[in-house]
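These notes are about the structure you will find just below.
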Amino acid sequence: MPPKLTDESLDYLLDAAGLVLTAEQKADLATTHEALTAMKARVRKPRGRMAEPAHTFGYTAEDLA
Amino acid sequence: MIPTIAEAAKLIAAKKLSPVELTQACLSRMHAMDDTLHAFILPTEERALSEARAAEAEIMKSGPRGPMHGIPIGLKDIVDTAGLETTCQSRLLAGNVPDKDAMCAVKLASAGSVLMGKLTTHEFADGGPSFDLPKPPSRNPWNPDHFTAGSSSGTGAAVAAGMILCGIGTDTGGSIRGPAALCGIAGIKPTYGLVSRAGVAPAAFSLDHIGPMAWTSEDCAIMLQALAGHDPADPASANQPIPDYTALLGTGLKGVKVGVIRHFHETDAPVAPATQAGIDNAMAVLRDLGAIVSDVTVSPLQDWHACGSLISMAERATAYEEWARTRLSEFSERVQRRLALGAMVSAVDYLQAVRRRRELRAELKAAMAGLDVVITAGAYGEAAKMDAIPRWDVFAAPSFTIPFNVTGYPAIAVCTGFGPLGLPVSMQVVGKPFQEATVFRVADAFEKATEFRNKRPAMVGG
C-alpha cells in the first residue's frame, strides 16, 4: 500500500502548483493516488546514479559554426 | 463510391475527375452526415470550392503538382490556420484567429490540397469525450452511439464517412492510431521529428507527433510525402533525407521479418476476441504473402504505459501551467482534472520516467534487431459507447499505442476486420526510426490481400 494521501498533503501539492480545485474535484483527484503511485514505482529500477535520462543535444551546423 | 487518394489522383491526372466534382461529393456527404457525426468544428465550404476551382484550372493548364493536388482534406483544430479560427475545441481560445499557418498546413496547401475545414478534437488534444464544451464531441460513423477515440476524433470520423479523403491527426499517446482503429481507417504516427510540429498546439512536447489519417495506408504514404521534412522552427525536427514513401508498395513481403509482441495483447492486457482473431488472421495473411513471423518479448505493456503517462502528465502540466493557474475553470471538467494530475508528479518522478524511457528505447531497438517491423494490437476491441468512457481512462487500462510515443518509432493502425457489433478492429504495424516506407509496405500488402477496405459505414452507403 502506498503512503496515504492526506487532505493536507494534497492541498500542499495543489497550492504549490497554483491550482484551485473544488472539494469534489480534490476528492476525485485523490482517488488516483494509488494507481499513480504504482506508475511511479514502475519507472524506478535499481539503475544506479550514472544512468542518464534520454535527453540529447542536437547540434546543427549553425551551432557549430 | 468514395475514391482513395491514389485512385482520385490518377483520375485527376487523366482529367477524368475534376477536383470540383470530388469536393462537391465530399461536401454533400458532409451536409448529409455532419449534424450527426460532428466531425467538423469549422467547415470551410466556400474556401473549399474556391480552392477546388483553382486546382482544376491549374491542372487543366499545366497538370497536377502531385497526387495531393485537388484532394479534399481536413485539419484537426489544434493546427493553426491563418485567418481561420483555431480554438483547440476550448473556451480559452474562442475567437483565436492565427496570423500564420502551421507548417503542416503550409505543406498540404503547397501540394495543392483543398481545405474542407477544421476538425473536431478533444480539448487541446487531451481527454475526451467532453460534453461541456462549446462544440459537441465527434461520433463514430459505424454507429453514432459509439466513441471515435481521440483526440483526432473529427479526422477519424470525417475520413471514415468520406467527407474528406485524408486529414491531419496528432498523436501524443495514440491520438492518431486510436481514432484510426475505432473508425476503421489507417493512421500513422511517423517517427518523432519527421513532421514539423511548428504551429500546432502542444500536448506533451517530447511525445507529440503530427501525421496522416486516410482510408488506406497507401493514402497515408502519399500524404506523408507532402508533410515530411526538416523545419528549423520545430526544435525537435529531424534533419533526415526524405525517401519515396510509396517506393516499396506492391513489392511483396517475401522474406520480410515480422515480430509479434504477443504478450502485450494476449497476457499483459488481453484484447477482445475479435481483435485477437483479427491479429491472428493478419499473421496468417502476412505468412501467406511470404513474411517470416516470429514472437518478440519486451517489458510488460504496463511499464511502457507508466513511462509515457508520467512524462505526458508532467509535460502537459508544464505547457498549460499559466492557464491552469489563472483560468482553470474555463477548461472542460475532464481536462481540469487531468491537468491537476501534473501537481502530483514531482520532478524526480518525471526524470525517473525519462531514465526509464532510455532503457525502453534500447530494449525495443534490441528486440527489433533482425526484424523489419513488429505488430501488436491497435486498440482493445470495438469502440465503446460514448457514455462508457471512464473519466480516469489513463488508469483504467494500459495503452497499446503509447509505447511507440515513448520510443518515437513509426507506427500505423490498420483495420483487421469487424467485431460482433459491426464496428472495426485493428492492429498496429511498427517500424524502425525513419523506416516508414517499410511500415507502409507491410500495411498496404495486408490491406490489398484482404477485403476490409471495401466496406464503408452503413450511413455512407456501406
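Proteins come first, then strands; the chains are lettered A, B, ... in the order of their sequence lines, and each starts at number 1. Just the heavy atoms: all of them, side chains too, but no hydrogens, waters or symmetry mates, feed the values below. Nothing here was measured: the structure is a model prediction, and the numbers come from that model.
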(message) Measuring from atom CD of B:E322 to atom OG1 of B:T326, what distance do you get when rounded to the nearest 0.5 angstrom?
(response) 6.0 Å

(request) Calculate, to the nearest 0.5 Å, the distance between atoms CD1 and CE belonging to B:I210 and B:M103 respectively. (result) 12.0 Å

(message) Can you tell me which portion of A:T31 sits under 4.5 Å from chain B's heavy atoms? Options are side chain, backbone, both or neither.
(response) side chain

(message) Please identify, among B:E333, B:H305, B:R357, the residue contributing the most non-hydrogen atom pairs under 4.5 Å to chain A.
(response) B:E333

(request) Give, as side chain, backbone, both or neither, the part of B:L360 having an atom under 4.5 angstrom from any heavy atom of chain A. (result) neither

(request) Please look at A:K45 and chain B and tell me whether the side chain, the backbone, both or neither of the residue comes under 4.5 angstrom of a heavy atom of that chain. (result) side chain

(request) Select, from B:R361, B:R337, B:E321, the one with the greatest count of heavy-atom pairs under 4.5 Å involving chain A. (result) B:R337

(request) May I have the step-by-step check of ring pair (Phe, Tyr, Trp, His ring centres under 6.0 Å) for B:F147 and B:H122, ending in yes or no? (result) CA-CA 12 Å; B:F147 192 34; B:H122 296 343; 5.8 Å; yes

(request) Return the option, out of A:T22, A:L13, A:L29, with the maximum number of heavy-atom pairs under 4.5 Å with chain B. (result) A:L29

(message) Under 4.0 Å between a side-chain nitrogen and a carboxylate oxygen: does that hold for B:D231 and B:R197?
(response) no

(message) Is B:Q336 in contact with chain A via its backbone, its side chain, both, or neither, using a 4.5 Å heavy-atom distance?
(response) side chain

(message) Between A:A16 and chain B, with a heavy-atom cut-off of 4.5 Å, which part of the residue counts as in contact: side chain, backbone, both or neither?
(response) backbone

(message) So for A:L21, is it side chain, backbone, both, or neither that comes closer than 4.5 Å to the heavy atoms of chain B?
(response) side chain

(message) I'd like to know if B:E359 pairs up with B:R355 as an ion pair, taking the criterion as any Lys NZ or Arg NE/NH1/NH2 lying under 4.0 Å from an Asp or Glu carboxylate oxygen.
(response) no

(request) Under 4.5 Å, counting heavy-atom pairs only, tell me which of B:A340, B:P235, B:A324 racks up the most with chain A. (result) B:A340

(request) Please assess B:L227 against B:L194 for the test side chain to side chain contact (heavy atoms under 4.5 Å, CB included), listing each intermediate value before the final yes or no. (result) CA-CA 8 Å; B:L227 289 168; B:L194 184 62; over 6 Å; no

(request) Examine distances only and state if a side-chain atom of B:E123 and a backbone atom of B:C88 form a donor-acceptor pair shorter than 3.5 Å. (result) no

(message) Please output the residues of residues 395-405 of chain B in contact with chain A, using a heavy-atom cutoff of under 4.5 Å, in numerical order.
(response) B:F395

(message) Whether B:R391 and A:D28 form a salt bridge (side-chain N of Lys/Arg under 4.0 Å from carboxylate O of Asp/Glu) is what I want to check.
(response) yes

(message) Classify the ring geometry of B:H209 against B:Y192: parallel below 30°, tilted from 30° to 60°, perpendicular beyond 60°.
(response) perpendicular

(request) Could you tell me whether B:K189 and B:D208 make a salt bridge, using a distance below 4.0 angstrom between a side-chain N and a carboxylate O? (result) no

(message) Check A:R44 with B:D349, please: is the shortest side-chain N to carboxylate O separation under 4.0 Å?
(response) yes

